[in-house]
Amino acid sequence: MSPPTTPPRASSGRYSLWRLLREGLRAQRGWSPAWAKAAPRPRYRVVIVGGGGHGLATAYYLATQFGISDVAVLERGPIGLGNVGRNTTIIRSNYFQPQNIPFYEFSLKLWEGLEQRLNFNAMVSQRGALNLFHTEAQRDLFTRRANLMRLLGVDAEPLTRAEVKALVPLVDLDNGRYPVLGGFLQRRGGTVRHDAVAWGFARGASEAGVDIVEHCEVTGFKRDGERVIGVATTRGSIAADTVCLAVAGHSSHLAAMAGLRLPIETHVLQAFVSEGVKPVLDVVLTYGAGHFYVSQSDKGGLVFGGHIDGYNTYGQRGTLPMVEEVAAAAVTLLPGVARLKVLRQWGGVMDMTMDGSPIISSTPLDGLVLNGGWCYGGFKAIPAGGMTTAHLIARGTPHPLAAHFTLGRFAAGRTIDERGLGPFPYLH
Ligand SMILES: Cc1cc2nc3c(=O)[nH]c(=O)nc-3n(C[C@H](O)[C@H](O)[C@H](O)COP(=O)(O)OP(=O)(O)OC[C@H]3O[C@@H](n4cnc5c(N)ncnc54)[C@H](O)[C@@H]3O)c2cc1C
């Protein structure tokens, strides 16, 4: 292992109310960039491919928790323009599988103290995540999920129809398609400003000595037999003891460059934001009859989304049938939304695994670690994903909370099928 060689770099300073006031009085002249724009060096102890949430969080925790700052994060564009900046910002830990609940709960706990640790306002808002149910069978399923969560010490609350109405007056309980029978609330769920997460982790990692190298695309891998010893990039070759892939929707593409075939398909997921209105919705609302979720941003826009489009693509745009499906779910549940204009629509590419659960794992190639397969739920997992991937890289053994997310589980038939839907990525 090579010793850390990163030179100390200028800090962007501590952010505080006092500093805001001071800068306000001197024409904002004292701010410096939040993270250093590093040029790649020929060798690092760890190279992380992908400057999204998971790549940056992994680098941050490697440097701050495991004492490894000889790290580069290589991002092909500017950081934060991948899925970390394209999602609908929901965080929660209301999962079903006993392996998933503790992992996502760990993440939620990390979110709870993150802004103080990073000294960065990520607008963590624990406004509650409310799942609605529409049939008796669904009530049973949700009750089972709530009970499992409570057994593992995680908050979950059943709500009556009247309690749902009191919390979300906008909802049409008696809509003709799927009348609402009740809800299931996780009060600690909520939203986080997505791109601030990338910026906050980048700033923290950079100050801890990590090189954030933007506009540096990885185009291949250097191998010595069955060991990965570095990467080829558009800015030259870089050697590393460990290479970590954290490229979300591009996992299968990058792994193929290293000679690996992953149990992952890439699909597009769309999201939408309406024009801004006064506060009308102060929880994250999920429609149990279809796949639809909505929250209101601090600017007032309703941010909403649905299911993946259902075909394989690397294109960050979607099709009109899914727009129609999401809009139909929106106006069924919240008829008032029909009068709002949609301001923007966009898409992101999701790495859908065969069981809907992620992969945080070593690979058949020595020196190559994988953080991927996040499907469309990886934003909430960023702190835990980063911490457990850093643990795997630093210690060489899986973190106990992520030990089941191995690549080998697919070959061994030990899948973690959160929704019980079988090996069909487009259904998860
Ligand atoms: C519309 C939408 C809504 C979503 N809503 C939610 C939600 O509400 N809650 C939730 O938990 N999750 C949600 N997700 C999922 C979540 O955003 C992703 O699972 C998560 O962000 C993926 O991890 P990441 O942040 O590391 O990925 P990314 O930000 O995509 O990071 C991967 C990075 O790798 C880079 N890269 C790719 N190839 C290369 C290369 N060859 N060389 C260098 N760099 C490369 C990319 O440019 C990208 O920046 C949503 C996703 C979308 C698209």
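We count ligands from 1, going down the list as the structure has it; atoms in each ligand are counted the same way.
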Heavy-atom nearest neighbour in the protein, as seen from [atom], with distance rounded to 0.1 Å:
atom                    : value
atom 25 (O) of ligand 1 : Gly53 N, 2.9 Å
atom 26 (O) of ligand 1 : His54 N, 3.0 Å
atom 27 (O) of ligand 1 : Ala248 CB, 3.2 Å
atom 35 (C) of ligand 1 : Glu75 OE1, 3.2 Å
atom 13 (C) of ligand 1 : Tyr376 O, 3.0 Å
atom 44 (N) of ligand 1 : Arg76 N, 3.2 Å
atom 40 (C) of ligand 1 : Val218 N, 3.8 Å
atom 29 (O) of ligand 1 : Val84 N, 2.8 Å

*Does any N or O atom in Leu269 lie less than 3.5 angstrom from one in ligand 1, N or O only?*
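Not met; the criterion fails.
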*Please confirm whether Gly347 comes within less than 3.5 Å of ligand 1 when only nitrogen or oxygen atoms on both sides are compared.*
no
_Carboxylate-amine/guanidinium contact Glu115 Arg193, below 4.0 Å_ =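 Result for this pair is no, no salt bridge flagged.
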_Arg177 with Asp172: basic N within carboxylate O range, under 4.0 Å_ = no
*asked:* I need the contact type for Met350 against ligand 1. Using non-hydrogen atoms and a strict under-4.0 Å cut-off, is it side chain, backbone, both or neither?
replied: side chain
*Specify side chain, backbone, both or neither for Ala246, according to which of its non-hydrogen atoms lie closer than 4.0 Å to ligand 1.*
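Near ligand 1, Ala246 shows its backbone, while the atoms from C-beta on stay back.
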*Heavy-atom gap Gly305 to ligand 1 smaller than 4.0 Å*: no
*Can Cys375 be said to touch ligand 1, with heavy atoms closer than 4.0 Å?*
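Contact present.
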Under 4.0 Å from a heavy atom of [X]: give me the atoms of ligand 1 that qualify, with their elements.
X      : result
Gln270 : 1 (C)
Thr89  : 8 (O)
Lys380 : 10 (C), 11 (O)
Leu254 : 38 (N), 41 (N)
Leu74  : 43 (C), 44 (N)
Trp374 : 19 (O)

Does any part of the side chain of [Y], heavy atoms only, come nearer than 4.5 Å to the side chain of [X], both counted from C-beta?
X      : Y      : value
Met354 : Thr415 : no
Leu62  : Ile48  : yes
Val46  : Val369 : no

Would you say the ring centroid of [X] lies under 6.0 angstrom from that of [Y]?
X      : Y      : value
Phe103 : Tyr95  : no
Tyr61  : His399 : no
Trp35  : Phe201 : no

*Residue pairs fulfilling side-chain hydrogen bond (donor to acceptor under 3.5 Å, both in side chains) with at least one residue in residues 280-304, sequence neighbours excluded*: His291-Tyr376
_Can you list everything that forms a side-chain contact (heavy atoms from CB on, under 4.5 Å) with Ala232? Sequence neighbours excluded, please._
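Once residues adjacent in sequence are excluded, the partners of Ala232 under the side-chain contact (heavy atoms from CB on, under 4.5 Å) criterion are Thr219, Lys222.
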_Among Glu112, Arg187, Arg92, the one residue meeting side-chain hydrogen bond (donor to acceptor under 3.5 Å, both in side chains) with Gln126_ = Glu112
*asked:* Heavy atoms only: which of Thr58, Asn83, Asn87 lies closest to atom 3 (C) of ligand 1?
replied: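 Selected option, by shortest heavy-atom distance: Asn87.
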*Shortest heavy-atom approach to atom 16 (C) of ligand 1 - which of Tyr314, Phe379, Phe304*: Phe379
_Thr397 versus Arg395, side-chain donor and acceptor atoms under 3.5 Å_ = no
*Please work out which of the three classes, parallel, tilted or perpendicular, describes the rings of Phe424 and Tyr426, given edges at 30° and 60°.*
tilted
